[in-house]
**Q** 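Quick one: structure below, then a few questions.
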Amino acid sequence: MEAISGLSLCLAHMKSPAPNRIKKQRFLVVRASIAAEQEAKKSKIALVRIGTRGSPLALAQAYETRDKLIATHPELAEDGAIQIVVIKTTGDKILTQPLADIGGKGLFTKELDEALLNNEIDIAVHSMKDVPTYLPDKIILPCNLQREDVWDAFISSAFASLAELPSGSVVGTASLRRKSQLLHRYPSLSVSTKFVAPFILLGPD
């Protein structure tokens, strides 16, 4: 109280400032207040940082995860509470070789796992097709989104199904799972991973 009283006493004996000067001071105070508020908004830390690849599918899954978190925890609906962090993986950078030749499925998750362990993100959203069989230490899969359509798609300009393909026909696919199932069901067919085949088999993984 002594400091406040003393300050009041000093001001009482000072010459009153000019009106224009008062307006200018008020203007500067308002500008400083607005600038401080804007800076505070910029530096606001997200409560949940969701790591994801930048592909359309990966982003769709990340935003679906965000929406489900908000539905369960309404406080996360506040602007900036959830941040989507896009991370480019080795699998995104190497597009000219089959995954099996350069390290397998983990190439799409390695950088995301590292970001988790380094506390750069809080959770990561993957497509299960990209997740390796064995996870790195300290990485867990605590939950899964509801699965969408699981059917594979056969693309051909001449045949309606795989069963109609003549013996020796070449089918293109980048999936080891589809390759194994295809050759198990139709051992007379051949499979190419170079995508120069006349027929293509696509699917969720």
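Heavy atoms only: backbone and side chains are in, while hydrogens, waters and symmetry mates are out. Since the model is a prediction, treat every value here as computed from it, not as a measurement. One-based numbering along the sequence shown.
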**Q** How far does CG of Leu59 sit from CD1 of Ile50, to the nearest 0.5 angstrom?
**A**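 Answer for the CG-CD1 pair, Leu59 versus Ile50, is 11.0 Å.
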
**Q** I'd like to know if Asp113 pairs up with Lys138 as an ion pair, taking the criterion as any Lys NZ or Arg NE/NH1/NH2 lying under 4.0 Å from an Asp or Glu carboxylate oxygen.
**A**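 Salt bridge flag = no for Lys138 with Asp113.
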
**Q** Kindly determine whether Thr52 and Gln61 satisfy side-chain hydrogen bond (donor to acceptor under 3.5 Å, both in side chains), including the steps that lead there.
**A** CA-CA 9 Å; Thr52 177; Gln61 292 170 158; over 6 Å; no

**Q** Within a 6.0 Å radius of atom OH on Tyr63, are there more than 12 heavy atoms belonging to other residues, nucleotides or ligands?
**A**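 Open.
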
**Q** Are Val85 and Glu120 close enough, and set up right, to give a side chain to side chain contact (heavy atoms under 4.5 Å, CB included), and what steps lead you there?
**A** CA-CA 9 Å; Val85 181; Glu120 296 168 7; over 6 Å; no

**Q** Would Val131 end up clustered with Leu145 when hydrophobic side chains under 4.5 Å apart are linked, directly or stepwise?
**A**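 Shared cluster, no.
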
**Q** How far does CD of Glu114 sit from CD1 of Ile121, to the nearest 0.5 angstrom?
**A**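 Going from CD on Glu114 over to CD1 on Ile121, the span is 10.5 Å.
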
**Q** To the nearest 0.5 Å, what is the distance between OG (Ser169) and CD (Glu164)?
**A**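 So the gap between those two atoms works out to 11.0 Å.
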
**Q** Given side chains that start at C-beta, do those of Val170 and Val191 come closer than 4.5 Å, heavy atoms only?
**A**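 Of all side-chain heavy-atom pairs linking Val191 with Val170, none is under 4.5 Å.
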
**Q** Evaluate the criterion side chain to side chain contact (heavy atoms under 4.5 Å, CB included) for residue pair Val125 and Arg66; output intermediate values, then yes/no.
**A** CA-CA 10 Å; Val125 178; Arg66 180 202 62 180; over 6 Å; no

**Q** Report the C-alpha separation of Asp130 and Arg53 in whole Å, then their side-chain angles, then the decisive distance to 0.1 Å, and conclude whether the side chain to side chain contact (heavy atoms under 4.5 Å, CB included) test is met.
**A** CA-CA 11 Å; Asp130 296 330; Arg53 293 173 55 214; 3.2 Å; yes

**Q** Hey, are the side chains of Met128 and Asn144 touching, using non-hydrogen atoms and a 4.5 Å cut-off?
**A**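 Met128 vs Asn144: side chains touch.
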
**Q** Ile87, Ile123: one ILVMFWY side-chain cluster at the under-4.5 Å cut-off?
**A**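 They do not share one cluster, since no chain of ILVMFWY contacts under 4.5 Å joins Ile87 to Ile123.
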
**Q** Suppose we screen for side chain to side chain donor-acceptor pair (under 3.5 Å). Which residues come up paired with Asp122, at least two apart in sequence or across chains?
**A**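 Asp122 satisfies side chain to side chain donor-acceptor pair (under 3.5 Å) with Arg49 only.
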
**Q** With Gln181, which residues qualify under side chain to side chain donor-acceptor pair (under 3.5 Å), at least two apart?
**A**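 Side chain to side chain donor-acceptor pair (under 3.5 Å) check on Gln181 returns Arg177.
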
**Q** For Ile140 and Pro142, work out which heavy atoms get closest and say how close.
**A**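 Closest pair (atom of Ile140, atom of Pro142, distance): O-CD, 3.3 Å.
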
**Q** Just by modelled atom types, is the Lys129 backbone N or O under 3.5 Å from a matching donor or acceptor in the Ser127 side chain?
**A**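 A pair under 3.5 Å: no.
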
**Q** Report the C-alpha separation of Val171 and Ser190 in whole Å, then their side-chain angles, then the decisive distance to 0.1 Å, and conclude whether the side chain to side chain contact (heavy atoms under 4.5 Å, CB included) test is met.
**A** CA-CA 6 Å; Val171 179; Ser190 297; over 6 Å; no

**Q** What I'd like to find out is whether the side chain of Leu182 reaches to under 4.5 Å of the side chain of Leu162, using heavy atoms alone.
**A**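 Side chain of Leu182 against side chain of Leu162, heavy atoms only: contact under 4.5 Å found.
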
**Q** What heavy-atom pair brings Glu75 and Ala81 nearest, and what distance separates the two atoms?
**A**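 Nearest heavy atoms, Glu75 then Ala81: O-CB, 4.3 Å.
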
**Q** To the nearest 0.5 Å, tell me how far Leu165 CG sits from Phe159 CZ.
**A**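 Going from the CG atom of Leu165 to the CZ atom of Phe159 covers 6.0 Å.
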
**Q** Leu116 and Ile84: same hydrophobic cluster, using ILVMFWY side-chain contacts below 4.5 Å?
**A**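 No.
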
**Q** Enter the distance from Ile70:CD1 to Glu78:CD here, rounded to the nearest 0.5 Å.
**A**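 Here the rounded value is 11.0 Å.
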
**Q** With rounding to the nearest 0.5 angstrom, report the NE2 to CG distance, His126 to Leu112.
**A**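 These two atoms lie 5.0 Å from each other.
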
**Q** In the structure I gave you, are the side-chain heavy atoms of Ile139 and Thr109 within less than 4.5 Å of one another anywhere?
**A**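 Ile139 does not reach Thr109 side chain to side chain.
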
**Q** Shortest non-hydrogen contact from Thr89 to Phe108?
**A**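 Looks like CG2-O, 3.4 Å.
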
**Q** Could you report the tightest heavy-atom contact between Val86 and Gly54, atom names first, then the distance?
**A**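 Heavy atoms only, the tightest pair is CG1-CA, 3.6 Å.
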
